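Worksheet for the structure shown next.
In what follows, chains are A, B, ... by sequence order, proteins preceding strands, each numbered from 1. Because the structure is predicted, anything quoted here is derived from the model rather than measured.
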2 protein chains.
Amino acid sequence: MKDIARRAGVSESAVSFALNGRPGVSEVTRDRVRRVAEQLGWRPSTAARQLSGEGAATVGLVVARPADTLGVDSFFLQLISGIQEVLAERQLGLLFQVVEDVDAECAVYRRWWAEHRVDGVLVVDPRTDDPRPGLLEELGLTAVVVGGVPDARHPGLSTLWADDAGAMAAIVGQLYALGHRRIVHIAGLPGLAHTERRIRALRAEAERRALAEVRSVTTDYSDAEGAAVTRRVLTQETPPTALVYDNDVMALAGVAAATELGFSVPADVSVVAWEDSALCRMVKPWLSALSRDTPEFGRTAARELTSLLDGGPSRAVRVPVPRLIERESTGVVRRA
Amino acid sequence: MKDIARRAGVSESAVSFALNGRPGVSEVTRDRVRRVAEQLGWRPSTAARQLSGEGAATVGLVVARPADTLGVDSFFLQLISGIQEVLAERQLGLLFQVVEDVDAECAVYRRWWAEHRVDGVLVVDPRTDDPRPGLLEELGLTAVVVGGVPDARHPGLSTLWADDAGAMAAIVGQLYALGHRRIVHIAGLPGLAHTERRIRALRAEAERRALAEVRSVTTDYSDAEGAAVTRRVLTQETPPTALVYDNDVMALAGVAAATELGFSVPADVSVVAWEDSALCRMVKPWLSALSRDTPEFGRTAARELTSLLDGGPSRAVRVPVPRLIERESTGVVRRA
DNA sequence: TTCTTGCGCTCAAGCGCTTTAGTTCTGCGC
DNA sequence: GCGCAGAACTAAAGCGCTTGAGCGCAAGAA
């Protein structure tokens, strides 16, 4: 900036005013300064900016999952690429961290906060009894909870939520229409808020339709557990005729397991994946899946965060209900 | 720090010396200062640190791939989680960015450099005629090229490289031993250095063994192209008896395509995936795959970068040759 | 005793920006 | 001609940390 000031024949302050679009310099000076800056390839030092009161121009995202669970999931990278699109427009950086568990995640937030490393964070995988919203509000760290439910106890945070109950009702409705009465929901990690939400929604729907043989089983999202649970439920006396998996990976592993047991999909058992991805069209039969626009989800989350950073109000944004795409893995019940 | 200094009854400089383990304070003072700092929950402001000459305590990683290609690949998240392990020890942050192409990636490096946002970067997906090493050296940005080949033109960069040629030779050798003479290699993106390396290695191996009907076809790594190429080569007059896919996703899609065409795996055609992941054990038959320890790869890369940041010499590190894990998708050739 | 040495510490400058409080200058009304 | 407002610009402080120069003091050397 000193260079620019010298070359443009003005003071450093004038340069600052000019380059930041603040009043206090004439248009001709502003233009001149801008040209010089451009010519010198000047970019403000984020550190200096931050030190004099501006933000860090960075938002944080920490994912708390064991490394191996992370691998196959297409969700995160898709989400991140959506987030990036929005952040890139504003020249905001994304500080990304993978940790083992929620405690470590909280420690990261504390550290980031103390080091002034980020202006805000995106919280993913909200849980039941989640310590994170409370912590973030206590720290005063701007945050958006991605996939939570609006929580009146934390009015400072924004929330993005999907209507899991509606989606579950749609799935069950569709399976019901195809004649299915025995349904098992192979759910994800028990502590996660959306897992609990889906389980509750399934139970409600089962009661409404008076279906006795409908239940949920929680897993760790891995292909191994998906396959194991599938084998277990299909070898019981009266096996279910439909399986709903909480992610694509388990659905795939489930189909493989079912096939191995001699079950044909969808003739003997229908399969629905709660998460669509290329995986679902990579095996025969193609999997019927609940499709949501994950990059768009990320974009919305990032937009909500930038709006908060701009001083906008916190809000609860409802994202579109995912659509059930029927492919080849669902069909009418064949009488046993 | 001012607070700490006051409470400990010393000057700010003494605090700085004490907390950074520099000489200039007695052990008792150091301890006292440390205790006060701890009590106050003090953490240094990265911005201030950086402004006074220290680094940004951040390394950058930019991935240049279209969003949809990113999704299914398990490679990146695994790599990142390995990287993080090492970075976390040193309290280094990871600035992560997803962009569309290499030009955009270069722009990001320029910006990061000008803004002093990162101390170093990890470069992935090296290409033939890659502009990035040159740019990074010109900018003087510390960098490690992950998966490149050592390049004497850029002595400042460290390189992590795997012996693709050796791995390819092993695969072909194994397939040859099983009686395969017609092999198609469904490769990845044509511009990538390791794609070219594998293609060259295959050609060399074919010449060595005098195999006329061995060739490579490049793709975009997607399941769609993997399936399309599979269909194309299997419907030609004398179809290959073995297919080598450059990633797990294509291999999976390829098996599905082959099965649909009436080919049985491995009876009619053997399949090898160059990249192991849960996917390979998620479908029947289980895929024989080239397995490498991706998190360890990330750890090594990060270690190399931190060593460089500590002033260590740049070097070319060779990572272990991936191992071919034979599962169910490879077998002896059945006479047609 | 005086001089040196080194230890433990403080002072103050400086990193690259922003921002508040001036200062100078021009043009206007009276 | 004077006072005044407002525009255009400058000076300087300050953000939180590091660091080189300097200072007082006790211990050892001469």
Side-chain angles (χ1 to χ4, degrees), chain A residues 1-34 36-38 40-58 91-93 111-119 309, chain B residues 1-34 36-38 40-58 91-93 111-119 140 309 311:
Chain A
M1 268 184 68
K2 213 180 289 179
D3 283 356
I4 301 177
R6 187 148 25 80
R7 298 206 193 192
V10 291
S11 72
E12 273 188 68
S13 342
V15 174
S16 176
F17 292 146
L19 261 18
N20 291 312
R22 286 204 211 305
V25 289
S26 65
E27 276 313 307
V28 304
T29 310
R30 194 183 297 275
D31 271 1
R32 183 154 37 92
V33 170
R34 277 216 189 101
V36 176
E38 175 113 8
L40 262 53
W42 177 87
R43 306 243 71 204
S45 145
T46 37
R49 261 236 157 94
Q50 188 183 344
L51 203 51
S52 39
E54 307 285 285
T58 307
Q91 311 260 66
L92 289 171
R111 191 155 64 78
W112 281 353
W113 170 80
E115 293 177 350
H116 302 286
R117 254 177 178 285
V118 295
D119 299 329
L309 292 175
Chain B
M1 269 185 65
K2 213 180 292 179
D3 283 357
I4 301 178
R6 188 148 24 81
R7 299 205 193 193
V10 292
S11 72
E12 272 188 68
S13 339
V15 175
S16 176
F17 292 146
L19 262 17
N20 290 314
R22 283 201 216 304
V25 288
S26 65
E27 276 312 307
V28 304
T29 311
R30 194 185 297 277
D31 271 1
R32 184 154 36 91
V33 170
R34 278 219 188 98
V36 176
E38 175 115 5
L40 262 52
W42 177 88
R43 307 243 70 203
S45 146
T46 37
R49 260 232 157 98
Q50 188 182 344
L51 202 52
S52 38
E54 306 285 285
T58 307
Q91 311 260 64
L92 289 171
R111 192 154 65 77
W112 280 353
W113 171 80
E115 293 177 351
H116 303 285
R117 257 179 176 283
V118 296
D119 299 328
L309 291 175

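A sub-4.0 Å separation between OP1 or OP2 of dC9(D) and a side-chain N or O of S26(A) is present. Considering only side-chain N and O atoms, R22(B) lies under 4.0 angstrom from the phosphate OP1 or OP2 of dT19(D).
To the nearest 0.5 angstrom, L40(B) atom CG is 12.5 Å from M1(B) atom CE.
Between R111(B) and Q91(A) the shortest side-chain heavy-atom distance falls below 4.5 Å. Side-chain contact check for L19(A) versus R34(A): some heavy-atom pair is nearer than 4.5 Å. In this structure the side chain of R32(A) never reaches within 4.5 angstrom of the side chain of V25(A), judged on heavy atoms.
A donor-acceptor pair is defined here as one N or O able to donate and one able to accept, closer than 3.5 Å; no such pair exists between the side chain of T29(A) and the backbone of E27(A). With hydrogens and angles ignored, the 3.5 Å screen pairs no side-chain donor or acceptor of E115(A) with any backbone N or O of A47(B).
No side-chain donor from either of R117(A) and S45(B) sits under 3.5 Å from a side-chain acceptor of the other.
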Contacts under 3.5 Å, N or O only, protein and nucleotides 23-28 of chain D:
none

Taking only distance into account, with no hydrogens and no angle test, what donor-acceptor pairs under 3.5 Å do side-chain atoms of residues 4-14 of chain B form with protein atoms, sequence neighbours excluded?
residue : atom : partner : partner atom : Å
R6(B)   : NH2  : D3(B)   : OD1          : 2.8
S11(B)  : OG   : S13(B)  : N            : 3.4
S11(B)  : OG   : A14(B)  : N            : 3.2

Sugar-phosphate or base contact per nucleotide [nucleotides 10-16 of chain D; S, B, -; heavy atom under 4.0 Å]: BBB-BBB
